[in-house]
Undergrad: 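After the structure tokens below, expect a handful of questions from me.
Side-chain atoms are counted along with the backbone in the values below, which use heavy atoms only and exclude waters and symmetry mates. All residue numbers refer to positions in the sequence shown, counting from 1.
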Amino acid sequence: MHIPALAFRNFSRNLRRYKILVGAFTLVVGVLIILTGIVNGITDSLREKASRYFAGDIVIQHFDATRSSVIPDPEKIRIMLESLKLEIAGRSKRSVYYQNDAKIFFAGY
């Protein structure tokens, strides 16, 4: 119990010795916060663009043992979604997985 108090007291009384260490730590934390913000911004933008491109925020996928994208009973899924009473602006059946030609769409490209 006394060791953390002694360590903190030693650190606070000798702060002049640790100025560079504290400065470097502050700089690293600042850079990490900025990078995290940039990465989160890019990720959110990519999700938003993908939801627009793929016609919505809900994507239903099913892959069989051969890794083919197949939905066995699409009518059952449509009925389930209609029972949720959500405001649906539109529906679109799309298949974009070609097993050898995957692409990422960003900013419409």
Side-chain angles (χ1 to χ4, degrees):
M1 189 76 172
H2 295 291
I3 292 177
L6 289 174
F8 181 73
R9 188 175 70 188
N10 183 38
F11 178 76
S12 64
R13 288 184 179 174
N14 294 310
L15 197 56
R16 289 186 314 249
R17 295 180 185 174
Y18 300 113
K19 282 182 183 179
I20 293 175
L21 180 65
V22 170
F25 181 72
T26 304
L27 182 65
V28 167
V29 169
V31 168
L32 286 177
I33 288 172
I34 289 170
L35 287 177
T36 302
I38 291 170
V39 169
N40 286 341
I42 290 171
T43 303
D44 290 344
S45 177
L46 181 61
R47 282 188 185 135
E48 184 179 331
K49 296 287 184 179
S51 72
R52 287 184 189 157
Y53 182 81
F54 293 113
D57 294 321
I58 299 174
V59 176
I60 300 170
Q61 296 177 332
H62 176 268
F63 294 96
D64 62 4
T66 63
R67 294 176 33 164
S68 296
S69 177
V70 177
I71 296 178
D73 193 1
E75 187 64 24
K76 186 176 180 181
I77 293 172
R78 185 188 64 76
I79 292 170
M80 182 207 48
L81 287 174
E82 287 177 353
S83 71
L84 294 176
K85 306 290 187 212
L86 298 173
E87 181 181 333
I88 298 176
R91 283 187 213 105
S92 177
K93 292 181 183 179
R94 295 186 183 197
S95 177
V96 295
Y97 181 67
Y98 304 116
Q99 296 181 354
N100 61 357
D101 188 14
K103 291 182 172 57
I104 294 180
F105 294 92
F106 185 74
Y109 298 100

Undergrad: For Asn14, which residues count as a side chain to side chain donor-acceptor pair (under 3.5 Å) partner, sequence neighbours excluded?
TA: Asn10
Undergrad: Output the distance between atom CD1 (Ile79) and atom CG (Leu84), rounded to the nearest 0.5 Å.
TA: 12.5 Å
Undergrad: Heavy-atom count around Leu35 CG within 6.0 Å, excluding the residue itself: above 12?
TA: yes
Undergrad: So, taking the atom named OG1 in Thr43 and the one named CD1 in Ile38, what distance separates them when rounded to the nearest 0.5 Å?
TA: 11.5 Å
Undergrad: Look at the side chain of Ser45 and the backbone N and O of Ile42, then say whether any donor-acceptor pair between them is shorter than 3.5 Å.
TA: no
Undergrad: For Phe11, which residues count as a side chain to side chain contact (heavy atoms under 4.5 Å, CB included) partner, sequence neighbours excluded?
TA: Leu15, Tyr18, Val22
